[in-house]
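Take a look at the structure set out below.
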Number of protein chains: 2
Amino acid sequence: MNAPSFRNWQSVQDEVLRRIHAREWKPGELIPNEADLAVEFGCARSTVNRALRALAESGLLDRRRKAGTRVAAQPVAKATLDIAVIRHEVEARGNKYGYQLLMRETVVPPARICGAMQTPADAALLHVRALHLADDAPYAVEDRWINIGIVPQAQSEDFATISANEWLLTHAPYTHGEIAFSAAQVSADDADILGVAAQSAVFAIDRLTWDNDASVTKVRLLFTPGYQLRTQL
Amino acid sequence: MNAPSFRNWQSVQDEVLRRIHAREWKPGELIPNEADLAVEFGCARSTVNRALRALAESGLLDRRRKAGTRVAAQPVAKATLDIAVIRHEVEARGNKYGYQLLMRETVVPPARICGAMQTPADAALLHVRALHLADDAPYAVEDRWINIGIVPQAQSEDFATISANEWLLTHAPYTHGEIAFSAAQVSADDADILGVAAQSAVFAIDRLTWDNDASVTKVRLLFTPGYQLRTQL
DNA sequence: AATGTATTTATGTGCAGACATAATAACCTG
DNA sequence: CAGGTTATTATGTCTGCACATAAATACATT
């Protein structure tokens, strides 16, 4: 039996995965170094590197210079969620997308908002509320605050036909942001808009995006009951 | 002004990000090809490739052979969630972790379960319910079904001190899985266990993992109100 | 015009070699 | 023995080159 050759990084990755899975390399255990594996697999070290790097990114391997590469003792599952524009999300489900503007005003926000967005307490922000529909049924309510100091163009946009959700993506770039998922009980207001029973449990997504040091927008999305955010592991 | 040189892929990435952000390359627009950028940046094409590939993976660029690379018109934000062992999650918050087994029995599951897990309708599974605590306060209830056809060792484990959550990670490898996040109203039972008001809105995580074609385990985690799953964008 | 074929082109990937860097291990030295 | 210095080593990355591959375009054929 001579060594089979794994000529591309995908097959090297598959073989490494197989060994981890078959417990040939046990959790926490040190695996051979790249150079040795390259010889064994009959490929270049950079090919092995590519494979191992990808596995390290997905959390299955821990790598440290000089210390070597070891199988993660308790692999942290990395679930990658694709947060798309709501219209796309709805259309991807095969439903007809609908949109309805509920409110649009420029006001000084409550302390809670300007605190989170780090805007001056007396600075007015653009407050937009809208309803997203799937096949004419309520899908999600969007409650958004836009920092007009950073995105002044938003003031001349009425958001009557295009959602702020979508408009901002193409008009207000951000450098980074935070996103949080939680469960909440709908307020009487929102229950009415979504057409659900009062106090229903709804899925909430809170997002706050930044352009360097300045906040761009803060949004809270409440989805109708039954909504699931799913992905593969 | 002569061209500054970007000698490593990170700085190339930063520069590309800067251009996208500064709208020098607009959404949907085609950017120069790798070879040209390599010349401009004064580095090898593979360095440019590495940078652009990373940006494509994070959803900011769309790349297609021959067609070239373009700035994503509507970047799909990829939020990567780290799903760790609950004990680690609690400890990472600086709280003391606690664990309590609520139930452990081997029974033939309801149709809903064996349907999802694709086990024979008459096959018994191991059903485990447990409570995870943070600083002695309820944190999450775990309701889990384990396929003892695939993980027979689970039968000789009492899960009295180590949670199934943690035990499975080191003893039952999986090849892939699905995970779903949602909001739910607690059942009377669970409300009692979590010590929350009946009908409270709780955050739910449902996970189903597979070892090739066979299901390994199906678990539902319900978190106490206020729980947030958060990450950076 | 419709269909099939060949060419072109940008990305995708592989390789060998080199140097950079971080972190451990080995060695001093007081 | 504690402390700091130096070597060693595995990963991280860059380079220049080559060829593979997908897909758009041009071209030829019916």
Side-chain angles (χ1 to χ4, degrees), chain A residues 2-17 19-20 24-73 75-76, chain B residues 3-17 19-20 24-73 75-76 78:
Chain A
N2 63 351
S5 68
F6 300 92
R7 314 204 138 285
N8 59 49
W9 73 269
Q10 303 257 11
S11 66
V12 169
Q13 192 185 46
D14 288 347
E15 173 62 11
V16 171
L17 273 171
R19 292 186 187 184
I20 293 174
E24 284 174 34
W25 292 338
K26 302 195 183 62
E29 204 174 284
L30 205 62
I31 75 172
N33 69 41
E34 292 184 349
D36 291 350
L37 286 176
V39 171
E40 189 192 333
F41 291 151
C43 66
R45 183 171 80 90
S46 49
T47 305
V48 174
N49 180 279
R50 173 85 190 261
L52 298 187
R53 177 160 39 87
L55 289 171
E57 269 165 24
S58 66
L60 259 91
L61 293 176
D62 283 333
R63 322 192 72 199
R64 262 167 53 225
R65 275 172 168 154
K66 160 78 185 174
T69 301
R70 51 185 68 234
V71 180
V76 177
Chain B
S5 69
F6 299 92
R7 316 205 135 285
N8 58 48
W9 73 269
Q10 304 256 14
S11 66
V12 169
Q13 192 184 46
D14 289 346
E15 172 62 10
V16 171
L17 274 171
R19 292 187 186 183
I20 293 173
E24 285 175 32
W25 293 337
K26 303 195 181 63
E29 203 173 285
L30 205 62
I31 76 172
N33 69 41
E34 293 184 349
D36 290 350
L37 287 176
V39 172
E40 188 191 334
F41 291 152
C43 66
R45 180 170 81 91
S46 46
T47 305
V48 174
N49 180 280
R50 174 85 191 262
L52 298 187
R53 178 161 37 89
L55 289 171
E57 269 165 24
S58 66
L60 259 91
L61 294 177
D62 283 333
R63 323 193 72 197
R64 263 166 55 225
R65 276 171 165 153
K66 161 76 185 174
T69 301
R70 51 185 68 233
V71 180
V76 177
K78 309 244 183 199

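Everything quoted here is computed from the prediction, not taken from an experiment. Just the heavy atoms: all of them, side chains too, but no hydrogens, waters or symmetry mates, feed the values below. Letters A, B, ... mirror the listed sequences (proteins, then strands); counts begin at 1.
The side chain to side chain contact (heavy atoms under 4.5 Å, CB included) check on B/Val76 picks up A/Asp82, A/Ala84, with sequence neighbours excluded. Listed by chain and number, the residues in a side chain to side chain contact (heavy atoms under 4.5 Å, CB included) with B/Glu15 are B/Phe6, B/Arg18, B/Arg19, B/Phe41 (sequence neighbours excluded). Checked against side-chain hydrogen bond (donor to acceptor under 3.5 Å, both in side chains), A/Asn8 has the following partners two or more places apart in sequence or in another chain: A/Ser11.
You'll find the side chain of A/Asp36 reaches within 4.5 Å of the side chain of A/Asn33, heavy atoms only.
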Check residues 44-58 of chain A and write down every donor-acceptor pair under 3.5 Å in which the side-chain atom is one partner and the other belongs to a residue at least two apart or another chain.
from    : atom 1 : to      : atom 2 : distance (Å)
A/Arg45 : NH1    : A/Glu34 : OE1    : 2.5
A/Asn49 : ND2    : A/Glu34 : OE2    : 2.8
A/Ser58 : OG     : A/Leu55 : O      : 3.1

Which donor-acceptor pairs under 3.5 Å do the side chains of residues 65-73 of chain B make with protein atoms, sequence neighbours left out?
from    : atom 1 : to      : atom 2 : distance (Å)
B/Thr69 : OG1    : B/Arg63 : NE     : 3.1
B/Thr69 : OG1    : B/Arg63 : NH2    : 3.3
B/Arg70 : NH1    : B/Gly28 : O      : 2.7

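Taking CD1 of A/Ile31 as the start and CD of A/Glu24 as the end, the distance is 12.0 Å to the nearest 0.5 Å. Going from atom CG of B/Leu61 over to atom CD1 of B/Ile20 covers 4.5 Å, rounded to the nearest 0.5 Å.
Mapping heavy-atom proximity under 4.0 Å, the span of DNA chain C touched by chain A runs 5' to 3' from C/dT13 to C/dT24.
Between the CG atom of A/Asp36 and the P atom of D/dT9 there is a distance of 12 Å, rounded to whole Å. Across the protein-nucleic acid pair, B/Asp62 atom CG and D/dA22 atom P stand 19 Å apart, rounded to whole Å.
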Contact state string [nucleotides 12-21 of chain D, B base, S sugar-phosphate only, - no protein heavy atom under 4.0 Å]: BBSB--B--B
